[in-house]
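Below, read A as the first sequence line, B as the second, and so on, with proteins coming before strands; counting in each chain starts at 1.
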Number of protein chains: 2
Amino acid sequence: MSKRPTIADVARLAGVHKATASRALNPEADARVSAATARRVRTAAQELGFTPNTAARSLRTNRSSTVGVLIPDLTNPLFPPMARGIEEVLTRRGYTALLANTDNDQAKERTRFEALRGRQVDGFIVATAQREHALLAQAHAQGVPVVLLSRGTDLPMFPLVAADDATGMELAVRHLLELGHRSIAHLAGPQTLSTGAIRTRAFQQAVRAAGVAADRAPVLVSEAYSVRAGEQAARELLDRHPGSTAIVAGNDLIALGALHVLRERGLRCPQDVSLVGYNDMQFADEFQPPLTTVHVPHLELGAEAARLLLEQLERSDGQGAGQGLGRAGAGPAAVAVAKTVLLPVRLVVRDSTAAPQAGSEAG
Amino acid sequence: MSKRPTIADVARLAGVHKATASRALNPEADARVSAATARRVRTAAQELGFTPNTAARSLRTNRSSTVGVLIPDLTNPLFPPMARGIEEVLTRRGYTALLANTDNDQAKERTRFEALRGRQVDGFIVATAQREHALLAQAHAQGVPVVLLSRGTDLPMFPLVAADDATGMELAVRHLLELGHRSIAHLAGPQTLSTGAIRTRAFQQAVRAAGVAADRAPVLVSEAYSVRAGEQAARELLDRHPGSTAIVAGNDLIALGALHVLRERGLRCPQDVSLVGYNDMQFADEFQPPLTTVHVPHLELGAEAARLLLEQLERSDGQGAGQGLGRAGAGPAAVAVAKTVLLPVRLVVRDSTAAPQAGSEAG
DNA sequence: GTGAAAGCGCTAACAT
DNA sequence: ATGTTAGCGCTTTCAC
């Protein structure tokens, strides 16, 4: 366990001063060093296997090249691809992600957030946003750099990278309409989340635009994006609206719950009831039946969020306040509004949707 | 973005010296401080919202309370539960995990390993071990604290936390035998991984013990733990051993590949061929058909690995070399051997296994 | 273009 | 039980 070489060792071997070595090794300052010495220093560093002590650097620069990532639960198949997308762009730029699972628990989230701040993270990528979010409001007031991933807040405090859910939901509903369905129910996700609210609204607009009467397009809200909650909501739906020939779920987990309930009631999917999920999570194509769903590019979502955050960090590097903002409206009175990036989605048709059977399940 | 309070601020507010404040705030040293001042200091810290600058602490103590975690791929459903188990015990003790995906790529693994070392991680949890592993051998030589997770090396260099795969495989084979199968094939995982080798050996022992002839218990090696590789191996298996009435796969992903191939050949599972997976990964119960498999407690595996590493870190805290070793054999000539913890598994019977149909598929 | 010197915030000797 | 001092390894003024 021989001690690791420091920059002083490198400087000595290269025959220069510590400061010069530091400059030569740092891309931003190496213009101030002659090409020859720069090369000598880099060779020396290579030879010794020098890697800078990040703690020392961090202490000096007050930056850590580290980013906190708040996600609900790594065990939910949506998030691993996002995490990988984040990791990929972050590491390429010398940053490291610190992942924290919050389990949608506010107290836990706050604890982890504080702990990460204590570790001098330079910013956060937050995939746990509620439409109203005390912690985020506070973070915003304190000028902490944050990028929102997948879920937004009602106030556009922070840049957001999300899927184009309005379009996605429209695709889903249109698919069902084209198959001939006229009684389409929505098993909505939690309305406290932007994804839940946006998809629900888009569902309602799509059915209304097609001239489907409101009572033929009921919305039942699942209290969580989970199989269990999906089952509960699905039971209620089948009890109260037995005439529905199709269901579009707020996400794939809820759809899975619905699948269970259909099975438990002896209803066949898609013959008796068609079902559309949302997200196209891993293994959605292995379900029984393989799920028709809206594909969301989770990895790209994560990658883009990381890019946005880095951009913001770089910008606010020199000066203090910089919050990575775009401008809405024009003129001097314009309010600062954060940029939103919407990534395109597409419908993936598999076996859980089909034309409604004549007579069957008609309300 | 007012500057964060330092320990000097806390000391001033409490009317003591920095060093005293530091002692009062550090559990290990607070015995050397009077209860009264300790309380005063802690109150002051609370009031200011003081959180120590980890970079400074790290620089001074040469420890980071940070652990590197090497996994193949977060997107493989086995690893998120492990990561959560790790996170849970680590954060409880004030540590943070730095996750890195290696994609089973040696170059990538080395790069990430070095990067993490550069960040002064105190140790590693490695779930990417090959039976022969250059990087790990080297890490061992350098005295880097490492705990192996799930996959071991041939040489017991490091403590290992894994599932009791020998028993698990025996359970799987016995289940098939009890159903009446006498032609059981094994779609093995990569033999360069301890899990692949151990499960294969256990398979062979189990069938041999039951008196099944070797040619009635063929072993085909899948070149990766993946659906794709599983499909390839399964095709070869069905081509070369069409008489098999049951398959036990090296893991659930391989089993899934086998399922695809059975379907593509018009063979029904379990009526024509029974199939057993391994791991009981998330959603294995949603496959078509729901998969009979060996349940492995992945979260507990991760948690236990974290515990072992912390133990080792605590121990080697003061002195230098401590490698967290047990002793094998007795007497002065005994070789240092690292502890292995095997967690129990259990067979989960679902719908992919059944008694062989009389006559069908008989070789 | 390079060297000298200071200091980030913390903790571990060493006093007292 | 508490204060004093020094220094972890790095970057960044400031000189020259």
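The side chain of A/Thr61 approaches D/dT11 more closely than any other nucleotide in the set D/dT11, D/dT13, C/dG9. Ranking D/dG9, C/dG3, D/dT2 by closeness to the A/Val16 side chain, first place goes to C/dG3. Each of C/dG3, D/dT4, D/dC10 was ranked by its minimum atom distance to the side chain of A/Thr6; first place goes to D/dC10. Of the candidates D/dA6, C/dT2, D/dT11, D/dA6 carries the atom nearest the B/Lys18 side chain, counting heavy atoms from C-beta on. Of the listed nucleotides (D/dT11, D/dC10, D/dG3), D/dT11 has the atom at the smallest distance from the side chain of A/Asn26. The side chain of A/Ala56 approaches D/dC10 more closely than any other nucleotide in the set D/dC10, C/dT2, C/dG9. Nearest nucleotide to the side chain of B/Arg23, out of C/dG9, D/dC10, C/dA13: C/dA13.
If A/His17 and B/His17 are placed on DNA chain C by their nearest nucleotide, the residue sitting closer to the 5' end is A/His17.
Between A/Thr20 and C/dG3 there is a side-chain polar atom (N or O) within less than 4.0 angstrom of OP1 or OP2. The shortest distance between the side-chain N/O atoms of B/Arg57 and the OP1/OP2 oxygens of C/dT11 is below 4.0 Å. Applying the 4.0 Å criterion to OP1 and OP2 of D/dT2, one finds that B/Thr37 has a side-chain N or O inside that range. For the OP1/OP2 pair of C/dG1 and a distance below 4.0 Å, the side-chain nitrogens and oxygens of A/Ser34 include no atom meeting the criterion. Within the 4.0 Å cut-off from OP1 or OP2 of C/dT11, at least one side-chain nitrogen or oxygen of B/Ser22 is found.
Rounded to an integer number of Å, the gap from B/Asn62 CG to C/dT11 P is 14 Å.
Residues B/Leu59 and A/Asn53 share a closest heavy-atom pair of CD1-ND2, 4.2 Å. Closest approach of B/Arg112 to B/Leu99, counting heavy atoms only: NH2-O, 3.9 Å.
Looking only at side-chain heavy atoms (C-beta outward), B/Lys339 and B/Leu308 come within less than 4.5 Å of each other.
Using cut-offs of 30° and 60° for the angle between ring planes, the B/Phe124 and B/Phe113 rings count as parallel.
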